[in-house]
Each structure stands twice: as structure tokens, then as C-alpha cells.
Colleague: 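Would you mind keeping the following structure in view while I ask a few things?
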Amino acid sequence: MPIEPREVAEHFTERFGQSAGWIVRSPGRVNLIGEHTDYNDGFVLPLAIDRAIWIALRPRDDRRVVVHSINYDQTGEFALEAITDEKAGWIEYLKGTAWSLQESGHELAGWEGVLAGDVPMGAGLAASAALELATARAFAAVNDLDWDAAGMARLAQRAENQWIGVNCGIMDQLIAAAGRAGHALLIDCRSLATRPVPFPVGVAVVVLDTSTRRGLVDSAYNERRRQCESAADFFKVRALRDVGLDLFQQSAAGLDETAQRRALHVITENDRTLQAVEAMHRGEVSALGVLMNKSHESLRDDYEVSSDALNAMVECAQAHDACYGARMTGAGFGGCAVALIDAEAADNFAKQTAAAYKQKTGQTPSVYVCQATDGAEVITV
Ligand code: GLA
């Protein structure tokens, strides 16, 4: 269910007896193309979406953080001078972010807040990065910190890597921090330079949630990372970003067959992502769609991170006349696909694709047309 920020503010007033000082909003994301390239220092092209996490908050006099989650109907709290990892669910994302900010030298004051979100968890839409950046925004508001999007994204990534223990790249945190309304963001994951790329007129981005979730994503993800790192060592480069198709073709025969396919995905995906940016600039929507379809094939066959449900969803989407292209999005193994659609037919596409997927798999999906929004921000209601 979509969340109204006003309701979060009202809930705050009821619970804490005063109005909130700020409301922060931090979005989920969908990645248009550039999958499993971020931890190879490569290129990604995500957009921040109109599914987000909101926190209404006000400062406290002590150094405690007290937060009520509407979604979980639970209150979590911790003291900033003694943050400990208790593996206590959603509050760990807030603790990890506070820990990371303090580790980087920020002196933090505490706050109390009410939290709510409508980014589905575990669906490949980066709900955890949204929560980390919402927390960073909240601390930035209370402590008057400068909002340096790339710096905050790095701190949030550190929270995810070292507090939560998920060895992710920078894409999710950086798009949550730096998204731009009406645009996708080309991110160079080595330099962290970002370039907003406007959407061509007349296209809609549709998120297709298969309703499947896979628990083993983390171990498979870490295994892919290791395979990429050893392939980079084999080619004697810092990361697979530094390997072009020529070098691959000259010397890949020395790698085992699986490692070759993993590397080939990353090398071709980086290339497709840069081509996608050019296609968007030229308004060549069909070319962009073809690149998305090829990305899916590469993720399915070479990188092997798709799933039966994702493949079924992508096939149903691609079969619709209004679809320019479709692919799985995010880490994979379950969760969401993304499709690029002729905007005029978006509603018909959503209905028909949902029905076709249900008929094929027996699962009931969620399908919605999304808008590209700004990254983490303080909003007024
Ligand atoms: C997850 C990670 C990202 C990225 C994608 C795959 O979303 O958090 O860093 O690696 O998977 O592209």
C-alpha cells in the first residue's frame, strides 16, 4: 500500500505529543541496466522510484535514538555511545548507519522518530539502502551535516557491508542518495561520478514483482563477487571494468568455463550500459529495449542469477506489443523484473502481463508503473 507522508507525521504527533521537526524521504530503486557491474568498478543506470521510506523525527536531549516502525508495529532504540549488534532486524540498519557515521568522525546527537515505507522487502528494489539513506538523512538534519551524496552513500554501503554483513556494491546506496526526478543516473562505480540521463518522451518504466523471494541470494552473490575478483586477477587488472572484449577474446581460454561466462557477462554488460545511455540521449527507445533484453539473456545464461519466475515474467512482458524490452533487476534469484513500455499502453500492459504471468506460474504478481524521483531529501507536508 502506498504511504502518505502526512500519515507518518500524524502518527509522530500522536506518539510523541508534539509535531515532528522534519520528515525525510529516501527512495527504493529500479536498475534499468548495468547489473552485477558495480562491484566490478563498472557502470550502472538505475533510477530512484516513487516507493520510499519516510521518517518523521525530532531531536532528543540525550544521545539516544528511539524509532517506531509503523510497518512492523515495533519500537527500536539504541544509545549512540554504545551501539551493539543484536541482530535485531530492521533497527540494525539504523544502528549500522549511526555506527558508520560515527566511525567516520561525526559527533552525533540523538532523535526520536516514526518510520514507514512502501518499498517491498527482499524484492530487489533496494529497501535496505533506502532505510540506510533515510537514517543518514535523519542524522544529517538533526546534526546539520552537509549532504554530500557520494560520501553518504559510501558510509551507508559500509554499514551494509560491515554491520549487516552483506557485501554489496555502491549502486543502491548511491542512487538512493543522488537520484534525480525524471532521470536515470549513469554511475561510474569507480569514480562515483554520476550523470543524469533524461527519459525519452512517451516511455514508462514498469516494475514487475514476481512475488518470489530467495533466501540464498547472499551466498550466491558473494560467490559471484569472488569469481569476478579471481577473473580480474587472471587478467592482471584491478577489476573487470578494465577488461575489454579484445583482451577477453585473446586470453580468456586460460580461465575455466564458468569464470569465462561470468567475466563475459560483466564485460558485455558494461558495454550495453554505455550504449543504453547513448540510446536514451538519441531517443532510440527500441534500441534501449533490445539492450535490456540482451542484458536479461546474459544474466540468465552467463551470470546465472535469474530464476524460473523471473524468466517467466520477462517472457510475458516481452510478448506484449507495447514492450520495448524487459529484464530482471537487482541481485536476482527472485524479486522484480523491469520493463520499458510505450506509456500510452502502460495500463493495458500491466493488466495483461500480470494475467499472463499468473496463468503461467500460478503466482499473483504486483505490477506498477513507476516514476523516477529525487534521492533522499527532507520534505515538507
Ligand atoms: C544488489 C547489490 C548491488 C548490486 C546489485 C546487482 O542490489 O546491493 O550493489 O550489486 O545487487 O547489480
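Order of appearance sets the numbers: ligands from 1, and atoms from 1 within every ligand.
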Colleague: Under a 4.0 Å heavy-atom cut-off, which residues neighbour ligand 1?
Modeller: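 Ligand 1 pocket, heavy atoms under 4.0 Å: Arg29, Glu35, His36, Asp38, Tyr39, Cys168, Gly169, Met171, Asp172, Tyr221, Gly330, Ala331.
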Colleague: Is a side-chain donor or acceptor of Gln359 paired with a backbone partner of Ala355 at a separation under 3.5 angstrom?
Modeller: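 Not confirmed, Gln359 side chain does not pair with Ala355 backbone.
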Colleague: Other than Met313, what residues sit in its cluster of Ile, Leu, Val, Met, Phe, Trp and Tyr side chains whose heavy atoms are under 4.5 Å apart, directly or through others?
Modeller: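 Met313 clusters with Val206, Leu208, Ile341, Phe349, Tyr357, Val367, Val369.
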Colleague: Donor-acceptor pair, distance only, cut-off 3.5 Å: does the side chain of Thr210 make one with the backbone of Cys336?
Modeller: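 Checking the backbone N and O of Cys336 against the side chain of Thr210, no donor-acceptor pair under 3.5 Å is found.
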Colleague: Any chance the rings of His36 and Tyr221 have centres within less than 6.0 Å?
Modeller: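 Judged by ring-centre distance (under 6.0 Å), His36 and Tyr221 do meet the cut-off.
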Colleague: Arg241: which residues meet the side-chain hydrogen bond (donor to acceptor under 3.5 Å, both in side chains) condition with it, sequence neighbours left out?
Modeller: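 Here the qualifying residues are Asp188.
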Colleague: How would you list all residue pairs meeting salt bridge (charged side-chain N to carboxylate O under 4.0 Å, His left out) that involve residues 306-322, not counting sequence neighbours?
Modeller: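 The answer is Glu315-Lys360.
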